[in-house]
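A short worksheet on the structure shown next.
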Amino acid sequence: MEPDAFAIALTRFQQAIGADRVNADSDMLDIVTSDCSMLRRRIIATLELSSASDVCEVVRIANEHRISLYPFSTGRNWGYGSKNPVQDCSVLVDLSHMTQIIDFDDETGLVTIEPGVTQRQLDAFLRAHGHPYIVPVTGGGPDCSLVGNALERGYGITPYADHFSAVMSLEAVLPNGEIYRSMMEGLGGVEIDKAFKYGMGPYCDGLFSQGNFGIVTKMTIALAPKPERVEAFFFGVKKSDDLELAVEKVRQVLREVGAVTGSINLMNGHRMLSMSEPYPKDRLGENGMIPDAVLKKLMRRNLFMEWTGVGAIYGNKKVVKAVKGEICKILGPVAKRLVFFTPKKARFLFKLASAIPIFRDSQIVKGLASVNKSMQIFAGEPSEIALPLAYWRSGVMPADGTPMNPDVDGCGLIWYSPLLPMKPSLTRAYIDMVTKICVKHKIEPLITLTSISDRCWDSTIPILFDRQNSEEVARAHACYHELLDTGIALGFIPYRLGIQSMSLPSEKNAVPSFLQAVKKAVDPSNIMAPGRYGL
């Protein structure tokens with residue numbers, strides 16, 4: 001890109017959307033690209049857009065002058081690169097001001113939203129109008145975009161856990177400035193287009209998921225109805241050797257009663273402690289990690305076992321009662337402690353224990369507080385309960401009432417998120433791989449396995465480090481890349497990538513030639529998020 005071309009384009013951007021919404025100040029751009037994974041790309045401007053017509057105009061200008069654009073919804077993609085583009089010298093397209101809830105159908109639970117709509121905003125809308133539906137919440141926090149998460153194929157633990165599966169239709173601005181719509185909408189079937197995901201003819205909406213074929217400006221999402229009863233279950237797996245049996249039993253639960261459960265998580269003791277105890281930095285071993293003896297002591301104090309399982313049941317009272325019986329029967333051989341909580345029961349026990357002086361400052365109250373907050377997630381209420389994990393090793397927690405922002409608050413975090421078959425032997429091989437590599441790089445192995453189906457786990461490994469320590473930063477990135485490379489060699493492929501690893505190896509022909517051809521045809525000047533997932 002020639003400097004003169006950008007200067008001309010910048011002037012045209014200012015004329016199109018207003019000078020006050022075009023930012024090319026280097027100091028401000030440094031703040032915008034701050035990221036808790038310590039990745040930083042050089043950007044040349046940000047554009048704050050407020051409508052689909054703005055997007056069309058900006059894209060036409062960029063295409064004419066061959067300016068690379070990189071869109072983001074709210075940019076709260078913690079640990080994956082946040083607002084940063086894959087490649088340097090891009091203009092960031094900020095869609096966070098596009099916050100309209102365009103349409104809601106109370107009969108079907110179909111909501112049509114713009115990319116800046118957050119979990120918090122949708123929750124407030126549903127509450128204000130008394131609509132009995134569940135927000136598809138995530139651990140990223142209440143102020144994350146619903147559209148952005150769905151396009152990255154994010155998931156949660158509530159019904160409709162696979163968030164892109166709940167996307168019924170979308171509109172997007174293509175690299176030439178035209179608007180993409182489905183065949184059904186083109187034939188006038190606007191209402192049925194929102195109700196039937198795959199439409200007519202070739203399914204093309206999926207190209208905009210983890211893709212770079214256009215900028216999504218509108219999306220219709222199916223929301224799960226609020227059930228009569230939500231009941232979470234928690235169970236412990238006492239011995240590490242019982243992991244294989246736990247995998248078998250979780251798979252059986254999902255096969256037999258999975259229709260009324262969300263995802264089921266298995267978390268190791270390390271991961272549970274990171275959500276329950278301050279980082280014991282004054283009790284570390286010579287290798288800079290938590291010694292086994294300290295780890296075991298903290299686990300006993302918090303009543304944690306080697307593995308903890310968490311899930312929820314959704315339905316009417318009769319269904320929930322019957323499913324509880326089946327879960328107790330199936331998990332009986334492996335669960336050493338199996339308890340069930342409703343939101344009401346969790347609140348009551350927490351308040352009761354907090355009111356008794358002997359318990360007030362005990363681990364029991366802390367544990368019940370955690371269960372009480374967890375019930376918000378299960379019920380589809382946006383919450384920051386998972387965000388403190390990012391602060392465990394570094395970062396400064398904001399004052400009460402101030403939303404958490406790991407990028408701004410100095411947290412060091414990189415996510416490794418591979419998929420693996422839900423098979424006992426492969427699950428064990430994966431756990432061994434992660435533990436060995438993390439310990440090698442002096443990274444605490446915090447492991448979660450989340451069921452995507454009864455056939456597949458997604459695992460999330462938060463690589464936590466001190467951003468102020470250059471040695472730790474280097475170790476964290478080395479750990480991530482070794483996990484990525486070793487995992488791929490063993491067949492554990494990430495379901496999503498950070499921007500640092502989107503340049504897929506050409507010798508493996510990972511990106512199909514078909515997709516490369518489509519990209520070239522749709523975006524011949526390669527202006528739309530170049531490099532994203534190897535395209």
Spell out, as yes or no, whether a donor-acceptor pair under 3.5 Å connects the side chain of [X] to the backbone of [Y].
X      : Y      : value
Asn302 : Phe304 : no
Arg40  : Asp35  : no
Arg283 : Val294 : no
Ser459 : Thr448 : yes
Ser209 : Leu151 : yes
Arg76  : Gly141 : no
Gln210 : Glu152 : yes

Under 4.5 Å between any side-chain heavy atoms of [X] and [Y], yes or no?
X      : Y      : answer
Cys144 : Asn149 : no
Leu39  : His477 : yes
Ile327 : Ile313 : yes
Leu92  : Pro85  : yes
Cys328 : Phe340 : yes
Leu483 : Met433 : yes
Lys197 : Phe164 : yes
Phe233 : Ile264 : yes

Holding to side chain to side chain contact (heavy atoms under 4.5 Å, CB included), I want the full list of residues that pass it with [X], two or more places apart in sequence or in another chain.
X      : result
Lys321 : none
Lys329 : Glu326
Ser470 : none
Ser263 : Ile157, Ala161, Thr450, Ser451

| query | Quick one: salt bridge (Lys or Arg N to Asp or Glu O under 4.0 Å) pairs with a partner in residues 418-437, sequence neighbours left out? | reply | Glu244-Arg428
With rounding to the nearest 0.5 angstrom, report the [atom1] to [atom2] distance, [X] to [Y].
X      : Y      : atom1 : atom2 : result
Met422 : Leu266 : CE    : CG    : 8.0 Å
Ile330 : Arg251 : CD1   : CZ    : 12.5 Å
Ile447 : Arg271 : CD1   : CZ    : 9.5 Å
Leu273 : Leu446 : CG    : CG    : 9.0 Å
Leu146 : Ile113 : CG    : CD1   : 4.5 Å
Ile452 : Arg153 : CD1   : CZ    : 12.0 Å

Where do [X] and [Y] come nearest, in terms of heavy atoms and distance?
X      : Y      : value
Asn84  : Thr33  : ND2-O, 3.0 Å
Val32  : Lys83  : O-CD, 3.5 Å
Pro445 : His270 : O-CB, 3.3 Å
Tyr70  : Ala529 : CD1-CB, 3.6 Å

Side-chain donor-acceptor pairs of residues 222-230 under 3.5 Å, sequence neighbours excluded:
from, atom 1, to, atom 2, distance (Å)
Arg229, NE, Glu231, OE1, 2.9
Arg229, NH2, Glu231, OE1, 3.3

| query | After noting the C-alpha distance and the side-chain angles of Tyr480 and Ser37, does the key distance pass the side chain to side chain donor-acceptor pair (under 3.5 Å) rule? | reply | CA-CA 11 Å; Tyr480 170 80; Ser37 60; over 6 Å; no
| query | Can you name the residues that form a salt bridge (charged side-chain N to carboxylate O under 4.0 Å, His left out) with Glu248, not counting sequence neighbours? | reply |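 For Glu248 there are no salt bridge (charged side-chain N to carboxylate O under 4.0 Å, His left out) partners, ignoring immediate neighbours.
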| task | Kindly write out the residues that satisfy salt bridge (charged side-chain N to carboxylate O under 4.0 Å, His left out) with Asp454, not counting sequence neighbours, or none if the list is empty. | result | Arg255
| said: side chain to side chain donor-acceptor pair (under 3.5 Å), that's the test. Do Ser82 and Asp407 meet it? Break it down for me. | reply: CA-CA 8 Å; Ser82 293; Asp407 286 340; 2.6 Å; yes
| request: Scan residues 483-496 for pairs that pass side chain to side chain donor-acceptor pair (under 3.5 Å), counting only residues two or more places apart or in two chains. | output: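 The answer is Asn77-Arg496.
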| Which residue pairs satisfy the side chain to side chain donor-acceptor pair (under 3.5 Å) criterion with at least one member in residues 410-420, sequence neighbours excluded? |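 The answer is Tyr80-Ser417.
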| message | For residues 417-436, which residue pairs pass the ring-ring contact (aromatic ring centres under 6.0 Å, His included) check, not counting sequence neighbours? | response |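 Counting only pairs at least two positions apart or across chains, the ring-ring contact (aromatic ring centres under 6.0 Å, His included) contacts touching residues 417-436 are Tyr430-Phe492.
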Please set out all donor-acceptor pairs under 3.5 angstrom arising from side-chain atoms of residues 384-395, sequence neighbours excluded.
from, atom 1, to, atom 2, distance (Å)
Glu384, OE2, Met404, N, 2.9
Tyr391, OH, Asn405, N, 3.1
Tyr391, OH, Asp409, OD2, 2.5
Trp392, NE1, Glu277, O, 2.7
Arg393, NH2, Glu472, OE1, 2.5
Arg393, NH2, Glu472, OE2, 2.8
Ser394, OG, Gly412, N, 3.0
Ser394, OG, Phe465, O, 2.8

